[in-house]
Undergrad: 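Below: one structure in C-alpha cells.
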Number of protein chains: 2
Amino acid sequence: MKKLINDAESVVADALAGMAAAHPSLRVDVRNRIVLRASGPRPGKVAVVSGGGSGHEPLHAGYVGYGMLDAACPGEIFTSPVPDQMLEAGQRMHGGAGVLFVVKNYTGDVLNFEMAAEALAEEGIEVASVLVNDDVAVQDSVYTAGRRGTGATVLVEKITGALAETGAPLAEIALTGEEVNARSRSFGIALTPCVTPAAGEPTFELGPNEVELGIGIHGEPGRTRTALEPARELVRIAMDAINDDLPLSGDVLVMVNGMGGTPLIELYVVFAEVAAYLRRKGANVTRRLVGNYITSLDMQGFSVTVCRLDERLTLLWDAPVETPALRWGR
Amino acid sequence: MKKLINDAESVVADALAGMAAAHPSLRVDVRNRIVLRASGPRPGKVAVVSGGGSGHEPLHAGYVGYGMLDAACPGEIFTSPVPDQMLEAGQRMHGGAGVLFVVKNYTGDVLNFEMAAEALAEEGIEVASVLVNDDVAVQDSVYTAGRRGTGATVLVEKITGALAETGAPLAEIALTGEEVNARSRSFGIALTPCVTPAAGEPTFELGPNEVELGIGIHGEPGRTRTALEPARELVRIAMDAINDDLPLSGDVLVMVNGMGGTPLIELYVVFAEVAAYLRRKGANVTRRLVGNYITSLDMQGFSVTVCRLDERLTLLWDAPVETPALRWGR
C-alpha cells in the first residue's frame, strides 16, 4: 500500500488542514471535525447539514458553500461522524429557520444523526432529516437495513441547498429532498477494491479479470461478480438495474461518477454508453455530471445516478452554486 | 489490466462521443478529433488552441470554453495529434485576429504544431506559439529536448484565454503566455505507473515501497527512485526542487494536481504540506487549485505547480471561465 499521507492516524485531520489552506470560503474546525461556510449562518435561512465517513471526497465537505451545504461533518475513513459533530454544526449554522440533515442510509450515520436531531430539538431548534437510499443494487447490505444511500446524495444536497437559499421553510425543503431521492436511482460497478490507510490492505479481493456489480461506496459486497466486459455491457447491466426499478423516460439528470481511481477518459467512455442507452429508452438527458463526486478512496470503477427531473427541480439544479467541488452560474 | 473501455482502438473516439453527449457547450468533431466551442469563432478575438496526447484529461478538451481555449486537438493516448487537426482547429476558430497555439514541450507536439503554424501562415492567418516547459525535474527527457511542459499548461491556457476574451492582440497574448510559463515551475512524484489501454501493461515498474521522483506525465523516468516517505517529506523534495530553480516568495498560485488515480483526500494532505512549506519560505499563497487537472491515466501520485503572480496575472486568473473542468465567476 502506497499512500500520500503522513500517518494513517492523522489522515482526516491533515486533509482538513489542507482544505482550510485551499478554500478560504470555508471555516474548517480541525479539532471538532466540522467544515462550515466562513460566512456564518444567514438569519432566516434553513441550515443544510450533512456528513458521513471520510474517503468519499469531495463528499461532503467539498459541497459546503453558497447554494449547497452550510456545514459538513467528516468522520474517520468509512466511519460515521459522531452526534456531537452534527449537533455543533447545527448550533453554529442555525439561522433561526431550522436545520435540515441530509443522511445517507448507513446504519451508523442514521443513528448518529437521529441522536443529534434529538439534542438540537431539545434546544428548541427545529430539525428535519432527508434519508437518501437510492442504490438499487441490494435491498439490505453489510452496513444498512434497506437500500444504501449513494450518488443521489449529491443531488439532494444541491437541490435542497438551492431551495434553502430562497428562504423556503424547513418542511418544504425536506419534502423536496425526499422527492429528489424518490426520483433518483444509482448503481455502481467496481473494477478494483480500495485500500484504507488504517488497514493497508484491499477491502476485498477481485480476480485480475473480475468486476463487482452493485458495489456500495465502502467496498462492501455488491450483487454478484462477473468477468470484465466492455464498457457498453457494464453500462447495460447498471442501467437495466436502474430501469427495472424506475422506468426511465422524460427529462433526466445523469451523473457518471468515478470511484476515485478511474481515469476521466474512461468516465467519458461510460457516459457515451449511458447517453446511448437513455436515447434508446426515449429518455431525454437534460442535465449531466461526469467526474469524481462520491468516491471510495482509490477504487477503480464507476456509478451511474439518474434523476427524473421536472421543471421545478431543473430550476433548482441550475441555481447558482459555489463550493469547492461544484460551482456554476454566479 | 481492467479498463472501462469498449476497445483499446476506440478509446479516444468513444471518450469524445461522451464529451459531446456531456457538454452541449462543445462542438466535438469525433472524426477529425477536434473539440471546439459550440459558439464558434468570435470576430476580432484571438483563437487560443491547444492539444496533445490523450490520457491527460481534463487537459486539453476539458478546458475549451469561455475564458480559456477555443479549441483542443486530442491525439491518441500519449501520442501527439497531427498537424491537420491543429490546422483545421485554427481555420475553424479563427476570428480574424490570429491564432495562439499553446504547446507543451514534447518533441512530437512541438514539430506538429510548427507544421500547422506554417500551414496557417500560408493561408494568411497570423499565428504565434507559447512553448510550456515548466518541469524542473529533468533537463532533457525521453520525449523532449529541454524541460517538459506539465502543470503550467493549465495556467497558461487559463491566463491567455482570459486575455484573449478582452480583445487583446496576438503578440500581447503570446508574451503573457510566455511570462506565465517563465514564472511557473512544476515537479511530480509517482507512487505507481500507469497502464495504457493499448499496451495493457504498466509503463514502468515500481517496487511495492518505491516512488519515482520527478516524473513526467507519461510514465517516463524521473530523476531518481526512493523509498516511500511521508507526504511531508515528498512535498519537501518537490518544493525544494522548485525553490532551487525559482526562489519562492511574494504572491503565488499553487496547483496540487492528482495524476488520475490519487484519492482527493490525499491531495488535500499534500496541499496542507505545500502550504506549510510556502509559509516557512515567506511566500503568500493567494490562489489555489486542488484536484485532477493534468493526469496520466490511472497513475497514483501528484505534481505541484507554483506560479509567481503579480497583480495583472491575478486579475486574469480571476477572470470568468466556463469550461467543463474549470468554471467560476460568471
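Just so we're on the same page: letters track the sequence lines, and every chain starts at 1.
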Undergrad: With the side chain counted from C-beta on, respond yes when A/T295 and B/P263 share a heavy-atom pair under 4.5 Å apart, and no when they do not.
TA: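 No, side chains not in contact.
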Undergrad: Using a 4.5 angstrom heavy-atom cutoff, name the option from A/G260, A/A21, A/G62 with the most pairs to chain B.
TA: A/A21
Undergrad: Please list, in residue-number order, every residue in residues 188-206 of chain A that has a heavy atom less than 4.5 Å from any heavy atom of chain B; write 'none' if there are none.
TA: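 Near chain B, by residue number: A/L191, A/L206.
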Undergrad: Quick check on the structure: residues of residues 208-217 of chain B within a heavy-atom distance below 4.5 Å of chain A, by number.
TA: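 Listed by number: B/P208, B/N209, B/E210.
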Undergrad: According to ring-ring contact (aromatic ring centres under 6.0 Å, His included), who are the partners of A/H56, at least two apart in sequence or on a separate chain?
TA: A/F78, A/H218
Undergrad: Hey, which of B/L16, B/I265, B/V274 has the most heavy atom pairs under 4.5 Å with chain A?
TA: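 Between B/L16, B/I265, B/V274, the count favours B/I265.
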Undergrad: Given heavy-atom pairs under 4.5 angstrom as the criterion, report whether the side chain, backbone, both or neither of B/S10 touches chain A.
TA: neither
Undergrad: Which residue out of B/R232, B/M1, B/M299 racks up the most heavy-atom pairs below 4.5 Å with chain A?
TA: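 Looking at each option in turn, the highest pair count goes to B/R232.
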Undergrad: Take atom CD of A/E229 as the centre, draw a 6.0 Å sphere, and report whether it contains more than 12 heavy atoms from other residues, nucleotides or ligands.
TA: yes
Undergrad: May I ask you to name which of A/P24, A/A275, A/S54, A/A325 has the most heavy-atom pairs under 4.5 Å with chain B?
TA: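 Option with the top pair count is A/P24.
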Undergrad: Between B/A17 and chain A, which part of the residue has a heavy atom less than 4.5 Å away: side chain, backbone, both or neither?
TA: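 Answer is both: backbone and side chain atoms of B/A17 are under 4.5 Å from chain A.
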Undergrad: Please confirm whether the ring centroid of B/F271 lies under 6.0 Å from the ring centroid of A/H23.
TA: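 They do not qualify: ring centres at least 6.0 Å apart.
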Undergrad: Checking B/E273 against chain A: side chain, backbone, both or neither under 4.5 Å from a heavy atom?
TA: side chain
Undergrad: Counting only non-hydrogen atoms closer than 4.5 Å, does A/L228 touch chain B with its backbone (N, CA, C, O), its side chain (CB onward), both, or neither?
TA: side chain
Undergrad: Please classify the contact of B/N292 with chain A as side chain, backbone, both or neither, using a heavy-atom distance under 4.5 Å.
TA: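 Just the side chain, heavy atoms under 4.5 Å.
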Undergrad: Given the options A/A13, A/A61, A/A231, which has more heavy-atom pairs under 4.5 Å with chain B than any of the others?
TA: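 The answer is A/A231.
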Undergrad: When B/L4 is tested against each of A/V235, A/L234, A/V256 for side-chain contact (heavy atoms from CB on, under 4.5 Å), which residue passes?
TA: A/L234
Undergrad: Go through the atoms of B/L297 and report whether side chain, backbone, both or neither lie under 4.5 Å from a heavy atom of chain A.
TA: both
Undergrad: Between A/T262 and chain B, with a heavy-atom cut-off of 4.5 Å, which part of the residue counts as in contact: side chain, backbone, both or neither?
TA: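 Both parts, backbone and side chain.
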Undergrad: Shorter than 4.5 Å, heavy atoms on both sides: which option in A/A276, A/G291, A/G261 has the most such pairs with chain B?
TA: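 Going by pairs under 4.5 Å, I would pick A/G261.
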Undergrad: Can you pull the salt bridge (charged side-chain N to carboxylate O under 4.0 Å, His left out) pairs that have at least one residue in residues 286-301 of chain B, sequence neighbours excluded?
TA: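 Passing the test, one end in residues 286-301 of chain B: B/K3-B/D298, B/R287-B/D318.
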Undergrad: Where on B/V11 is there a heavy atom nearer than 4.5 Å to chain A: the side chain, the backbone, both, or neither?
TA: both
Undergrad: Taking all non-hydrogen atoms of both residues, which atom of A/Y268 and which atom of B/A22 are closest, and how far apart?
TA: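 Heavy atoms of A/Y268 and B/A22 come nearest at CE2-CB, 4.0 Å.
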Undergrad: Which atom pair, heavy atoms only, marks the closest approach of A/K2 to B/Q300?
TA: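 For A/K2 and B/Q300, the tightest heavy-atom pair comes out as O-OE1, 3.8 Å.
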Undergrad: Using a 3.5 Å distance criterion without hydrogens, assess whether the side chain of B/D14 forms a donor-acceptor pair with backbone atoms of A/V269.
TA: no
